Amino acid sequence: MKTVCSLQKMRDLSREVRRSGRTLGFVPTMGALHEGHLSLVRQSVAACDFTVVSIFVNPAQFGENEDLAVYPEDLENDRQKLLSAGADILFLPAAADIYPPGFKTHVSVSGITGQLCGKSRPGFFRGVTTVVLKLFHLVEPDTAFFGEKDRQQLEVVKTLVRDLNLDVTIASGPIVREADGLAMSSRNRYLSATERASALCLSQALSAARKRVDAGEGSADNLRREMRGIIEMEKFAEVDYISVCDPRSFEELEEVGREALIALAVKIGGTRLIDNCIVGRK
Ligand code: PAF
């Protein structure tokens, strides 16, 4: 596995891969890799001839009071994990190259970025779409892989690709969970042992809601109320949002129909965690 830091070298290498007729898969990450990331890398390795993984902690998607300065870094372990997963290139661009002095251009998707994470993290999706578009231009992948834990991000990236006619297929991978149900996240590293135990309230609330829907519950308000009750029993937990919404427009629903997204963002101590699942009534 090669490590590439230079933007021009990355572009040259990906063009060489494509010229040789091989397909290129791309997994953009911010590092501190876990099984969720690695499952996407394995998906890319299985589907494409060549796999590029980027690690770039994108300053443009962090708000002023967020965790940019302390975002976990674990480069040596990440490198080993990527090697075992079969990645061909680790792309490690520098912030000064991605955002050189005088940088003035951003792209944003409207309509579906005002709800959920877009509401509680203003500027987050603008930062994501700007860096993803730049990375796509540098790597020129045939297929790019995103995790379903960030379901709104996945939909926003699909919309970016569709609206700007980008020549890349967006593929997704399911949420990977710890044995006790906690969705894997780089931010789980921030949790103390007691917070780690409290963090289970997210997956527990989702499971309870899913069971209620399977038993015939259709009222989105009843589901929100039940989930809030489960989460608020945890002393470290503070709800950011509890959403029962349309999985593509992210508009809140009154009734759960054939397909609904249940999405949660909860602060556990100082750590903001997200989780979601798709439910539907038969
Ligand atoms: O999901 C992430 O890790 C980031 O938002 C991404 C897609 C790598 C863009 O910085």
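Remember, it's a predicted structure, so these values are computed and weren't measured experimentally. Both ligands and their constituent atoms are indexed starting at 1 by order of listing. These values consider heavy atoms only, across backbone and side chains, with no hydrogens, waters or symmetry-generated copies. Note that the numbering runs from 1 along the sequence shown for the chain.
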Under 3.5 Å, N/O to N/O: give me all the pairs between ligand 1 and the protein, one per line with atom names and distance.
unit_1, atom_1, unit_2, atom_2, d
ligand 1, 1 (O), Q153, NE2, 2.8
ligand 1, 5 (O), Q61, NE2, 3.0
ligand 1, 5 (O), Q153, OE1, 2.7
ligand 1, 10 (O), Q61, OE1, 2.6

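Scanning for ring pair (Phe, Tyr, Trp, His ring centres under 6.0 Å) contacts around H106 gives F103, with sequence neighbours left out.
Taking each heavy atom of T143 and A171 in turn, the nearest pair found is CG2-CB, 3.8 Å. Shortest non-hydrogen contact noted between V45 and T51 is N-OG1, 3.5 Å.
Checked against E178 for a side-chain contact (heavy atoms from CB on, under 4.5 Å), the options H34, E35, R196 give a single hit: R196.
Evaluation of the ring pair (Phe, Tyr, Trp, His ring centres under 6.0 Å) test over residues 240-262, restricted to residues two or more places apart or in two chains, returns none. Residue pairs satisfying the ring pair (Phe, Tyr, Trp, His ring centres under 6.0 Å) criterion with at least one member in residues 143-192, sequence neighbours excluded, are absent.
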